Amino acid sequence: LLNSTIFWDNRLEKAGLLNKTKIAEGGRKLRKNWNPSWVVLVGNSLVFFKDPKSQTPSSWKPGNSCPESSVDLRGAQLQWANNLSSKKNVFKLRTVTGNEFLLQSETDSLIREWFNTIQSVIDRLNRE
Ligand code: I3S
């Protein structure tokens with residue numbers, strides 16, 4: 001556990017609570033289902049954890065909890081998507097495999113930070 005914790009700490013870019021809904025799977029549209037999600041940007045992946053009430057910054061680490069899903073950011077596309085929701089501060093993440101997620105926060109500065117950090121990871125992967 002200690003080794004995997006150190007491994008995660010070294011690659012951790014960002015973690016926090018966002019509202020999330022998946023809107024497409026493999027290019028096929030899905031019905032929205034907004035839920036709070038503990039979102040962790042680590043290495044080349046965005047990892048989602050369920051049940052934020054039981055998640056704290058120390059409890060999502062490997063061995064302590066199980067991710068709901070994870071997204072490979074290589075080749076992914078990010079765009080602001082306030083046209084796709086009545087909520088404010090919404091952006092869309094689209095993976096190369098055609099999975100699409102909306103992520104949202106009521107806090108303007110927080111959602112901008114997430115957008116910029118994810119975009120910088122995507123840009124880094126594009127340069128590799
Ligand atoms: O894009 P939509 O279809 O207007 O999204 C809303 C619906 O998914 C709604 O659920 P039901 O129509 O299944 O009851 C959700 O409760 C809303 O949150 C969705 O819209 P927003 O604007 O919140 O993304």
Side-chain angles (χ1 to χ4, degrees):
L1 176 59
L2 182 62
N3 282 337
S4 68
T5 300
I6 291 166
F7 173 74
W8 274 61
D9 281 350
N10 286 340
R11 305 192 335 148
L12 178 66
E13 307 261 3
K14 200 166 177 54
L17 198 58
L18 293 175
N19 294 315
K20 184 198 82 171
T21 181
K22 193 171 187 180
I23 59 166
E25 165 91 45
R28 232 191 62 228
K29 199 169 178 285
L30 297 176
R31 188 167 179 178
K32 274 183 189 164
N33 180 24
W34 284 103
N35 279 117
S37 180
W38 187 259
V39 184
V40 178
L41 180 55
V42 60
N44 304 343
S45 299
L46 202 58
V47 188
F48 301 120
F49 293 82
K50 258 187 184 156
D51 192 13
K53 283 188 284 301
S54 70
Q55 305 295 338
T56 65
S58 60
S59 77
W60 54 261
K61 285 170 180 160
N64 293 1
S65 85
C66 180
E68 178 192 13
S69 63
S70 101
V71 168
D72 183 1
L73 292 175
R74 195 176 289 276
Q77 292 178 332
L78 204 59
Q79 60 185 93
W80 290 106
N82 290 314
N83 55 323
L84 296 182
S85 174
S86 61
K87 302 181 195 304
K88 68 167 187 172
N89 298 336
V90 177
F91 64 74
K92 181 173 86 173
L93 175 66
R94 185 185 194 283
T95 68
V96 277
T97 56
N99 294 342
E100 295 182 3
F101 300 86
L102 299 183
L103 293 169
Q104 189 265 349
S105 167
E106 289 303 309
T107 310
D108 301 14
S109 57
L110 201 144
I111 199 73
R112 268 201 310 273
E113 274 177 29
W114 271 103
F115 185 95
N116 291 335
T117 310
I118 295 171
Q119 188 62 62
S120 74
V121 171
I122 293 171
D123 291 345
R124 167 171 59 75
L125 292 169
N126 282 340
R127 285 193 305 268
E128 278 178 11

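We count ligands from 1, going down the list as the structure has it; atoms in each ligand are counted the same way. Just so it is clear, the structure is predicted and the values come from calculations on it, not from any experiment.
Across all non-hydrogen atoms, the minimal contact from Val40 to Ala15 is CG2-CB, 4.1 Å. Closest of all the heavy-atom pairs between Leu110 and Ser105 is CD2-OG, 3.8 Å. Across every non-hydrogen atom of Leu17 and Pro36, the tightest pair is CD1-CB, 4.4 Å. Ile118 and Leu46 make their closest contact through CD1-CD2, 4.0 Å (heavy atoms, listed as atom of the first residue, atom of the second, distance).
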Would you be so kind as to tabulate the donor-acceptor pairs closer than 3.5 Å made by side chains of residues 78-88, with sequence neighbours excluded?
residue, atom, partner, partner atom, Å
Asn82, OD1, Asn89, N, 3.2
Asn82, OD1, Val90, N, 3.1
Ser85, OG, Lys87, N, 2.9
Lys88, NZ, Glu106, O, 3.3
Lys88, NZ, Asp108, OD1, 3.3

Would you mind listing each N/O atom of ligand 1 next to any protein N/O under 3.5 Å, plus the distance?
residue, atom, partner, partner atom, Å
ligand 1, 1 (O), Lys32, NZ, 2.7
ligand 1, 5 (O), Lys32, NZ, 3.3
ligand 1, 13 (O), Arg31, NE, 2.8
ligand 1, 13 (O), Arg31, NH2, 2.7
ligand 1, 22 (O), Ser85, OG, 3.3
ligand 1, 22 (O), Ser86, N, 2.6
ligand 1, 22 (O), Ser86, OG, 2.6
ligand 1, 23 (O), Trp34, NE1, 3.4
ligand 1, 23 (O), Lys87, NZ, 3.4
ligand 1, 24 (O), Lys32, NZ, 2.7
ligand 1, 24 (O), Trp34, NE1, 2.8
ligand 1, 24 (O), Ser85, OG, 2.7

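Residues Lys20 and Val39 fail the side-chain proximity criterion, which asks for heavy atoms closer than 4.5 Å.
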